[in-house]
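Below: one structure, written as structure tokens.
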Amino acid sequence: MVERKFIKSDPYEYIVEFNQKLKSGGLLLVSEGSDKKPNAMTIGWGFIGTMWSLPVIVVAVRHSRHTFKLLEDSKVFTVCMPSKDMSNVLDVCGTKSGRTVDKFKELNLTAKKSMFLNSTYIEECPIFFECSIIYKVDVTDGVFDSLLNEKIYKTKDFHKLYFGEIKGTYSVDDYSS
Ligand SMILES: Cc1cc2nc3c(=O)[nH]c(=O)nc-3n(C[C@H](O)[C@H](O)[C@H](O)COP(=O)(O)O)c2cc1C
């Protein structure tokens, strides 16, 4: 792919698109462990906002995911916003595991080093956020509304919440939604 030019944006500039994508199709969470092999996973839950006076993205990752292992081994991640024509990427990254498949290779995605952090973004995505993990906490048993317990955590495959300070938000210079 021809190298794209990204420009730095305000962390809150794409908050509407961020939420729309979470609701319809998902976003791509990219992480890597000590082997430096990036892996992308589709996410449908998370949020962007302010915490400790910092711009943050919170992602929710179940313990069973390969991404969970990678994030436990890392201090950074990126959240990449796919374009409309990337629904196949969202399908594959939301159903196959990086444990058994190199999703970047299978999908012909271009892994690029982030601008500020030692994280990786997907060049085919028009917007990405590079985040530094500043806090993480397990969603634990016993403090939920019973409905949540039955519907979401029946198998006890709990999420961990990762709070990433947004260190950089970048969009392609010709971005249009
Ligand atoms: C639309 C969609 C949204 C998803 N959202 C999440 C999520 O927010 N958190 C999560 O742990 N898994 C989520 N998943 C499931 C993972 O993307 C899926 O299990 C994936 O294969 C895990 O990849 P990995 O093992 O390489 O980490 C979602 C899947 C889809 C299709």
Side-chain angles (χ1 to χ4, degrees), residues 14-49 51 56-112 114 119-131 133-141 143-145 147-166:
Y14 297 109
I15 200 161
V16 172
E17 284 95 331
F18 186 98
N19 284 306
Q20 278 168 346
K21 291 281 182 188
L22 282 180
K23 265 173 41 191
S24 59
L27 293 163
L28 292 161
L29 169 62
V30 181
S31 55
E32 58 194 51
S34 47
D35 62 357
K36 298 289 158 216
K37 242 181 84 184
N39 180 53
M41 166 183 132
T42 302
I43 53 166
W45 292 355
F47 41 92
I48 185 167
M51 193 67 204
V56 298
I57 288 178
V58 180
V59 291
V61 179
R62 290 194 196 261
H63 285 229
S64 59
R65 313 295 186 224
H66 183 55
T67 298
F68 173 79
K69 187 183 167 286
L70 299 181
L71 286 177
E72 287 298 289
D73 202 16
S74 174
K75 291 188 164 60
V76 293
F77 61 81
T78 63
V79 174
C80 303
M81 202 178 286
S83 51
K84 289 189 195 105
D85 58 357
M86 289 175 73
S87 55
N88 179 50
V89 173
L90 288 167
D91 285 349
V92 172
C93 292
T95 50
K96 294 192 177 179
S97 178
R99 232 177 257 119
T100 50
V101 175
D102 182 339
K103 294 183 236 182
F104 274 80
K105 208 168 167 192
E106 173 160 334
L107 292 160
N108 219 3
L109 295 173
T110 315
K112 281 284 179 83
S114 299
S119 56
T120 299
Y121 70 94
I122 302 170
E123 186 164 35
E124 286 75 11
C125 293
I127 297 172
F128 72 90
F129 304 85
E130 50 180 334
C131 300
I133 299 170
I134 51 172
Y135 181 64
K136 51 188 179 180
V137 64
D138 269 316
V139 170
T140 51
D141 205 355
V143 287
F144 300 109
D145 180 284
L147 204 65
L148 268 187
N149 248 339
E150 277 159 38
K151 239 178 95 180
I152 311 290
Y153 295 122
K154 210 168 185 164
T155 64
K156 307 281 179 206
D157 184 10
F158 290 109
H159 287 96
K160 189 163 199 162
L161 305 179
Y162 293 89
F163 290 65
E165 179 185 353
I166 305 171

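Counting convention: from 1, in listed order, for ligands and their atoms alike.
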Side chain, backbone, both or neither: the part of Leu90 lying under 4.0 Å from ligand 1 by heavy atom
neither
Looking at Val76, is its backbone amide N or carbonyl O close enough to the side chain of Ser119 to form a donor-acceptor pair, meaning the two atoms are under 3.5 Å apart?
no
So, Lys160 side chain and Lys136 main chain: donor-acceptor pair closer than 3.5 Å or not?
no
Pair Glu32-Lys37, side-chain contact (heavy atoms from CB on, under 4.5 Å): steps then yes or no
CA-CA 6 Å; Glu32 58 194 51; Lys37 242 181 84 184; 5.8 Å; no
Test side chain to side chain contact (heavy atoms under 4.5 Å, CB included), reference Ile166, set Ile48, Val56, Val79, output is Ile48
Is a side-chain N or O of Asp73 found less than 3.5 angstrom from the main chain of Ser34, in a donor-acceptor match?
yes
Classify the contact between Cys93 and ligand 1 as side chain, backbone, both or neither, using a heavy-atom distance cut-off of under 4.0 Å.
backbone
To which protein heavy atom is atom 21 (O) of ligand 1 closest, and what is the distance rounded to 0.1 Å?
Lys96 O, 2.8 Å
Minimum non-hydrogen distance to atom 24 (P) of ligand 1, winning option of Lys21, Arg99, Lys103
Lys103
Has Lys96 got a side-chain atom pairing as donor or acceptor with Lys103's backbone, closer than 3.5 angstrom?
no
Would Gly25 count as a contact of ligand 1 if the rule is a heavy atom under 4.0 Å away?
yes
Contact partition for Ala60 relative to ligand 1, non-hydrogen atoms under 4.0 Å:
backbone
Where does the angle between the aromatic ring planes of Phe128 and Tyr121 fall among parallel (under 30°), tilted (30 to 60°) and perpendicular (over 60°)?
parallel
Can you tell me which residue and heavy atom of the protein come closest to atom 15 (C) of ligand 1, and the distance to 0.1 Å?
Arg65 NH2, 3.5 Å
Under a heavy-atom criterion of less than 4.0 Å, does Gly98 contact ligand 1?
yes
Would you say Gly44 has any N or O atom under 3.5 Å from an N or O of ligand 1, going by distance alone?
yes
